[in-house]
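Values reported hereafter were calculated over all heavy atoms of this structure, with side chains retained and with hydrogens, waters and symmetry mates removed. Being a predicted model, the structure only gives us computed values, none of them experimental.
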Amino acid sequence: MRNTKLLLAGILLAAVSGISSAGGCLQGTFVYYGADGGYVGHRTVGCGAADGTWGTVTGDYSFTQGCSSPI
């Protein structure tokens with residue numbers, strides 16, 4: 001499962017670099033989960049002044065488009 005997530009993260013990064021070099025912008029929110037599956041932090045990207053990381057960053061995360069905070 002962890003290798004699958006790393007592969008998907010690599011594919012996402014490759015896609016993002018391709019989009020950004022073409023002048024596009026990825027905008028969204030990464031939500032990070034703890035060992036018990038509960039929310040522990042989030043990070044926004046492409047949201048201008050709202051960009052930032054709050055809480056703890058873990059290897060277990062999900063990505064959604066948009067800049068809305070999960071809390």
Side-chain angles (χ1 to χ4, degrees):
M1 184 69 166
R2 184 171 206 159
N3 289 336
T4 302
K5 287 183 181 181
L6 288 174
L7 177 63
L8 291 174
I11 291 170
L12 177 65
L13 288 174
V16 169
S17 67
I19 291 170
S20 65
S21 66
C25 180
L26 175 69
Q27 182 183 53
T29 304
F30 289 92
V31 178
Y32 299 101
Y33 305 98
D36 63 353
Y39 167 84
V40 294
H42 70 276
R43 176 173 56 118
T44 56
V45 294
C47 302
D51 279 353
T53 303
W54 297 268
T56 304
V57 174
T58 67
D60 187 11
Y61 62 89
S62 65
F63 177 81
T64 56
Q65 289 185 321
C67 295
S68 62
S69 172
I71 54 171

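- In this structure, S62 and Y33 approach most closely via the heavy-atom pair OG-OH, 3.0 Å.
- Expressed to the nearest 0.5 Å, how far OG1 of T58 lies from CZ of F30 amounts to 12.0 Å.
- The two residues C47 and G28 come nearest to each other via the heavy atoms SG-O, 4.2 Å.
- A pairwise comparison of heavy atoms in D51 and T44 identifies CA-OG1, 3.2 Å as the closest pair.
- Y32 and R43 make their closest contact through OH-NE, 3.2 Å (heavy atoms, listed as atom of the first residue, atom of the second, distance).
- Aromatic ring pairs are classed by plane angle as parallel below 30°, tilted from 30° to 60° and perpendicular above 60°; the pair H42 and W54 is parallel.
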